[in-house]
Q: 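Could you have a look at this structure, given as structure tokens, before my questions?
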Amino acid sequence: MDDLFLNQFLLLGAMLFCIGVYGVLARRNAVLVLMSIELILNAVNINLIAFGAFWGSIAGSVFALFVIAIAAAEVGVGLAIVLLIYRNRRSVALDDVAEMKG
Amino acid sequence: MVAQSVFFYLFAAIILFSAVRVVTSNNVVHAALYLVAVLAAVAAEYVLLAAEFVAATQILVYIGAIIVLFLFGIMLTRAKLGSDQDLTHSHWALSAATALLMFGVMGYALVDQFHWTATPMPADTRLVSVAGSNSATVSDSVFTAYLVPFEVVSVLLLAAVVGAIVLARKD
């Protein structure tokens with residue numbers, strides 16, 4: 001790994017994170033927003049694994065596993081909520097869900 | 001350039017191109033399939049960092065399970081199959097500016113802080129010196145140092161499963 005730099009992975013993670021942020025902000029479909037959140041979580045995982053390799057510690061890998069488990073739980077509950085929204089309003093456009101807007 | 005660098009940039013290009021397509025595609029199913037490409041290329045980057053257990057988990061859990069959940073979500077919400085111009089806000093340019101600004105700040109901070117320090121652990125020597133694979137080390141530490149968080153995650157997953165069933169059930 002003499003040839004790989006920590007910053008390569010950190011910058012890749014930062015780019016992926018920002019693409020995910022753009023998706024969360026710009027998408028109207030709730031399922032696509034959940035997909036963008038997956039991009040953000042993957043960016044975090046790249047950072048965790050890169051720092052784990054950098055310090056020679058296994059903690060990075062273990063935390064990445066926890067993040068993957070939490071992501072699975074989040075997608076399950078998130079898609080159930082999206083399904084409920086669809087069942088009630090026949091649409092998953094996020095602009096239409098504005099009852100709690102002040 | 002050594003093979004590791006070549007493959008790093010190859011997979012990084014796949015990740016970035018597919019991620020941009022995930023957030024810009026006009027077709028929901030295409031977005032899900034581009035997400036598969038992102039997840040697989042991220043798994044390849046994990047292998048480059050000698051974290052092969054996480055890479056295998058990524059493929060099993062993300063590509064095997066989460067993508068299937070997404071496809072179910074797309075079909076159950078009867079998303080328009082085919083091109084749909086209504087998936088992106090009209091104020092997407094503002095979102096893009098926000099994301100670019102964030103990347104500018106983060107990129108500056110990272111380059112300023114970490115410069116170009118090589119990752120000090122050579123992958124091949126590490127795999128030999130730890131006397132076992134990354135998988136063995138991960139399992140050892142999950143069932144010793146991280147046992148309590150591991151059990152908490154199990155309970156959290158159970159709670160999420162029950163919660164998802166309660167939410168999505170027709171009553």
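Below, chains carry the letters A, B, ... as their sequence lines are ordered, and counting in each starts from 1. All values reported here derive from a predicted model rather than from experimental measurement.
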Q: For A:I19, is it the side chain, the backbone, both or neither that has a heavy atom under 4.5 Å from a heavy atom of chain B?
A: both
Q: What distance separates A:Y22 OH from B:T88 OG1, expressed to the nearest 0.5 Å?
A: 5.5 Å
Q: So which part of A:A71 gets closer than 4.5 Å to some heavy atom of chain B, the side chain, the backbone, both or neither?
A: both
Q: Does atom CZ of B:F7 have more than 12 heavy-atom neighbours from other groups under 6.0 Å away?
A: no
Q: Please determine, among B:I15, B:L94, B:T24, B:T98, the option with the most heavy-atom pairs under 4.5 Å with chain A.
A: B:T24
Q: For each of A:R90, A:R87, A:E74, tally heavy-atom pairs with chain B at distances under 4.5 Å, and name the one with the top tally.
A: A:R87
Q: About how many Å separate CD of A:E38 and CG of B:L39, when rounded to the nearest 0.5 Å?
A: 7.5 Å
Q: If you count heavy-atom pairs within less than 4.5 Å of chain B, which of A:V33, A:L25, A:L16 leads?
A: A:L25
Q: Same cluster or not: A:L6 versus B:V111, using hydrophobic residues (I, L, V, M, F, W, Y) connected whenever any side-chain heavy atoms lie under 4.5 Å apart?
A: yes
Q: Go through A:L94, A:V92, A:L65, A:I70 and name the one with the most non-hydrogen pairs under 4.5 angstrom from chain B.
A: A:L65
Q: How far apart are the closest heavy atoms of A:L79 and B:G73, and which atoms are they?
A: CD2-CA, 4.2 Å
Q: If you count heavy-atom pairs under 4.5 Å with chain A, which of B:V38, B:I66, B:L76, B:L87 comes out on top?
A: B:L87
Q: Taking B:S90's backbone N and O only, do any of them form a donor-acceptor pair with A:R28's side chain (distance below 3.5 Å, no angle check)?
A: no
Q: Among A:L12, A:V31, A:N29, who wins on heavy-atom pairs under 4.5 Å with chain B?
A: A:L12
Q: Please state whether the side chain, the backbone, both or neither of B:F8 comes within less than 4.5 Å of a heavy atom of chain A.
A: side chain
Q: Heavy-atom pairs under 4.5 Å with chain A: which of B:E45, B:R169, B:H89, B:Q113 has the most?
A: B:H89
Q: Might you point out which heavy atoms bring A:A64 and B:V54 nearest each other, and give the distance in Å?
A: CB-CG1, 4.0 Å
Q: Let's test your reading of the structure: which of B:A97, B:A12, B:A19 forms the most heavy-atom pairs below 4.5 Å with chain A?
A: B:A19
Q: Is there a path of hydrophobic side-chain contacts, each under 4.5 Å between heavy atoms of I/L/V/M/F/W/Y residues, joining B:F143 to A:F63?
A: yes
Q: When rounded to the nearest 0.5 angstrom, what is the spacing between OG in B:S95 and CZ in A:R27?
A: 11.0 Å
Q: Is there a continuous path of hydrophobic side-chain contacts, each under 4.5 Å between heavy atoms, that joins B:F17 to B:V29?
A: yes
Q: Applying the 4.5 Å side-chain criterion to the ILVMFWY set and letting contacts propagate, would B:V47 and A:I49 be lumped into a single cluster?
A: no
Q: A:L84 versus chain B, heavy atoms under 4.5 Å apart: side chain, backbone, both or neither?
A: side chain
Q: Please classify the contact of A:I85 with chain B as side chain, backbone, both or neither, using a heavy-atom distance under 4.5 Å.
A: neither
Q: What's the shortest heavy-atom distance between B:M102 and A:V21, and which atoms?
A: SD-CG1, 3.8 Å
Q: May I ask you to name which of A:L83, A:N45, A:N42, A:V75 has the most heavy-atom pairs under 4.5 Å with chain B?
A: A:N42
Q: Check each atom of A:A43 against the heavy atoms of chain B and say whether the ones under 4.5 Å are side chain, backbone, both or neither.
A: neither
Q: Is any side-chain heavy atom of A:I58 closer than 4.5 Å to one of B:D140?
A: no
Q: Treating Ile, Leu, Val, Met, Phe, Trp and Tyr as nodes and any side-chain heavy-atom pair under 4.5 angstrom as an edge, say whether B:M75 and B:L167 lie in one connected cluster.
A: no
Q: Name the region of A:V77, side chain, backbone, both or neither, that has any atom closer than 4.5 Å to a heavy atom of chain B.
A: both
Q: Closest heavy-atom contact between B:M106 and A:C18?
A: CE-SG, 3.4 Å
Q: Go through the atoms of B:S141 and report whether side chain, backbone, both or neither lie under 4.5 Å from a heavy atom of chain A.
A: side chain
Q: Looking at A:V82, A:D95, A:I81, which one has more heavy-atom pairs under 4.5 Å with chain B than the rest?
A: A:D95
Q: Indicate every side-chain donor-acceptor pair of residues 145-161 of chain B with a distance under 3.5 Å to a residue at least two apart or in another chain.
A:
from: B:S154; atom 1: OG; to: B:F150; atom 2: O; distance (Å): 2.9

Q: Show the nearest heavy-atom pair for residues B:A51 and A:S61, with the distance to one decimal.
A: CB-OG, 3.9 Å
Q: For residues B:V22 and A:L32, report the shortest heavy-atom separation together with the two atoms involved.
A: O-CD2, 4.4 Å
Q: So which part of B:A93 gets closer than 4.5 Å to some heavy atom of chain A, the side chain, the backbone, both or neither?
A: neither
Q: What distance do B:L110 atom CG and A:Q8 atom CD have between them, rounded to the nearest 0.5 Å?
A: 13.0 Å
Q: For the interface with chain A, which of B:V142, B:L16, B:V166, B:I67 has the highest count of heavy-atom pairs at distances below 4.5 Å?
A: B:L16
Q: For chain A, which residues of residues 57-65 of chain B have at least one non-hydrogen atom nearer than 4.5 Å to it?
A: B:T57, B:Q58, B:V61, B:Y62
Q: At a heavy-atom separation under 4.5 Å, does A:V62 approach chain B through its side chain, its backbone, both, or neither?
A: side chain
